[in-house]
Amino acid sequence: MTTQIMGVSDVSLRLAKQYILAGDVVAFHSETVYGLGADARSDSAVRHIFELKGRPQNNPLIVHVHRDFDISTLVDSIPPYARALAKAFLPGPLTMVYPSTGKVSALVSCGLNTLAVRVPSSETAQAFLRAVDIPIAAPSANVSKHISPVTAQHVFEDFEGRIPLILDGGRCEGGIESTVLDCTGEEPLILRAGLVTREMIASVAGSCGVYVPRKGEQPRSPGMAYKHYAPKCRTAFFAPEELEQAKSLYREEEERGGVPCFFCEDALARTLEGFRVLDLGSSGEEMANRLYELLHRGEEEATLLIGVCPEERGGVYEGVLNRLTRAFGG
Ligand code: AMP
Ligand code: MG
């Protein structure tokens, strides 16, 4: 199979629709990361996604729909706070989890009685979802546990010859996966941090919890149990106060003939004269935007990536920290 990379056009959308209705998988740009989409109503199409990614069978998928899709066919018991949040933040990088009506394949939610729904704002994603006009199950378009893709080229590197089409919308601006928000309770509960922050959600819904799995408990957002987003090179991770240890490790790696590289925020990067550094930038948004792009670059250029944890907390930093700690293995 040859993998075509095409921008949005009448031709590419017609092809995408043909592939999807035939049960095949099509990758598409979104404002967060690239997605690997298939017909959410079809068991075999959904199974195909899991096989392509090598994704664990208990890690559920998010269903994507266009902005005019009637989601009351897919989910019910939408609470008033969720309607307010949808009005404020959709289309956009916010996934909302509701009780499922069971209209999509049970494989999408891995047997859970809930369904995660997202309305992406990317014009490429919207054009694709409108063209097919069915719910599309889509995880990030990377091989399971590898770094999430923020360019069509990243998708191509993971899936060349295994999927027919990548709908190219350029580099993903958001840079990290959507916020996943459980909307089945009295107040919204963040299952995965992202660009729509706890503070933003609380300002609309009045309050917002953050889910922390208790020891031994089956996590409410199964995907969060996995080491994830990992580059292929070796990694190490340090707190800001451990900088001297990090520098020693850097020098050791160099002495062994390796290529070490720091991976940290701009304020620290500017003090690391004479060291190789991938600079994540300053704000939470900037770090999210650069994170996966720089991890991809890091695994190509370095033998050892040395991450140093940013100092700030709250806002988009929460999502960035979650990805960083999981990419660097804690
Ligand atoms: P990804 O497709 O890699 O962006 O991962 C999607 C994530 O959404 C999963 O890893 C889950 O953590 C979360 N998710 C999807 N469906 C549900 C659901 N029904 N309930 C809770 N979390 C979900
Ligand atoms: Mg993923």
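Since the structure is predicted, the reported quantities are computational estimates derived from the model, not experimental observations. Whatever order the structure lists them in is the order used to number ligands and atoms, beginning at 1.
With waters neither drawn nor counted, the protein N/O/S atoms under 2.8 Å from the Mg ion (ligand 2) amount to 1.
Cluster membership check: Leu321 does not share its hydrophobic cluster with Ile147, using side-chain heavy-atom separations under 4.5 Å among Ile, Leu, Val, Met, Phe, Trp and Tyr.
Of all atoms in ligand 1, numbered sequentially from 1 with element shown, those under 4.0 Å from a heavy atom of Val97 are 20 (N). Listed by number with element, the atoms of ligand 1 under 4.0 Å from a non-hydrogen atom of Ser140 are 2 (O), 3 (O). Annotation for ligand 1: atoms under 4.0 Å from non-hydrogen atoms of Asn59 are 9 (C), 10 (O), 11 (C). Atoms of ligand 1 found under 4.0 Å from any heavy atom of Leu61 (numbered from 1 in listed order, with element): 15 (C), 16 (N). Per-residue contacts place Arg192 under 4.0 angstrom from the following atoms of ligand 1 (heavy atoms of the residue considered): 1 (P), 4 (O), 5 (O), 6 (C), 7 (C). If you number the atoms of ligand 1 from 1 as listed, the ones under 4.0 Å from a heavy atom of Leu191 come out as 21 (C), 22 (N). Distances below 4.0 Å separate heavy atoms of Pro139 from the following atoms of ligand 1: 2 (O). Every atom of ligand 1 with a heavy atom of Thr114 under 4.0 Å away is listed here by number and element: 18 (C), 19 (N), 20 (N).
Relative ring orientation between Tyr229 and Tyr292 is described as tilted, the plane-to-plane angle lying within the 30° to 60° band.
Between Phe328 and Phe263, the distance from one ring center to the other falls under 6.0 angstrom. Here the two rings, on Phe28 and Tyr34, have centers that are 6.0 Å apart or farther.
With respect to the salt-bridge test (charged N to carboxylate O, under 4.0 angstrom), the residues Arg118 and Glu177 do not qualify. Here Asp266 pairs with Arg270 in a salt bridge; the nearest charged N to carboxylate O distance falls below 4.0 Å.
Inter-residue side-chain proximity for Thr3 and Arg162 is flagged as unmet; no heavy-atom pair is nearer than 4.5 Å.
Remark: among candidates Gly35, Ala141, Pro60, the nearest residue to atom 23 (C) of ligand 1 is Pro60, based on non-hydrogen atoms.
Around the NZ atom of Lys17, the shell of radius 6.0 Å holds no more than 12 heavy atoms that belong to other residues, nucleotides or ligands. Within a 6.0 Å sphere centred on CD of Glu186, other residues, nucleotides and ligands contribute 12 heavy atoms or fewer. Residue-environment remark: CD (Glu123) stays at or below the threshold of 12 foreign heavy atoms within 6.0 Å.
Shown are Leu129, Ile134, Leu74; of these, the side chain to side chain contact (heavy atoms under 4.5 Å, CB included) with Phe69 is made only by Leu74.
No part of Arg118 comes within 4.0 Å of ligand 1, judged by heavy-atom distances.
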